[in-house]
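Reading through the structure tokens given below for one structure.
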Amino acid sequence: MSLVETNEKNNAEINSYPLSNVQMELLKLYSTNLKETDLEELKKVLANHFAGKATKEADQIWKQKKMSTDTMEKWLNEE
């Protein structure tokens with residue numbers, strides 16, 4: 001199979017899947033040529049957003065399992 005045929009096959013496979021709402025929004029963003037500083041800021045915003053969600057979820061798990069800083073100390077001192 002030639003490179004052109006492979007690319008056409010890959011493009012057809014990609015086009016057969018609908019885009020998610022996140023992909024659609026990112027495509028809109030990609031159409032803008034951001035300054036490097038804006039791009040870095042966007043990366044930080046996205047990282048902080050997902051880090052915050054992960055922290056919130058971890059806090060809920062710790063609360064449900066009645067964990068504390070003592071729990072963490074015990075884990076750190078295990079061999």
Item to complete: Measure the CD-CG distance between Glu73 and Asp70 for me, rounded to the nearest 0.5 Å.
Response: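 Nearest 0.5 Å value for the CD-CG distance: 7.5 Å.
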Rounded to the nearest 0.5 Å, the CG atom of Leu42 sits from the OG1 atom of Thr37 at a distance of 11.5 Å
>> Hydrophobic clusters here meaning ILVMFWY residues chained together by side-chain heavy-atom distances under 4.5 Å, can you tell me if Leu34 and Leu46 are in one?
In response: yes
Check whether Leu27 and Val22 end up in the same hydrophobic cluster, where Ile, Leu, Val, Met, Phe, Trp and Tyr are linked by side-chain heavy atoms less than 4.5 Å apart.
->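 Per the 4.5 Å side-chain linkage, Leu27 and Val22 are co-clustered.
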Within the structure provided, determine whether Glu57 and Ile61 are in side-chain contact (heavy-atom separation under 4.5 Å).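 When only atoms from C-beta onward are counted, Ile61 and Glu57 do touch, with a gap below 4.5 Å.
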- Query: Is any side-chain N of the basic residue among Glu25 and Lys28 closer than 4.0 Å to the acidic one's carboxylate O?
  - Reply: yes
Residues at least two apart in sequence or cross-chain that pass side chain to side chain contact (heavy atoms under 4.5 Å, CB included) with Lys43, listed by chain then number, are Leu39, Glu40
Hits for side chain to side chain donor-acceptor pair (under 3.5 Å) against Ser20, two or more places apart or cross-chain, chain-then-number order -> Gln23
**OP:** Inspect the surroundings of CG in Asn33 and state if more than 12 heavy atoms from other residues, nucleotides or ligands are less than 6.0 Å away.
**Re:** no
What residues join Leu76 in its hydrophobic cluster, counting side-chain heavy atom gaps under 4.5 Å, either direct or through other members?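 Direct or chained contacts put Leu76 with Trp62, Met67, Met72, Trp75.
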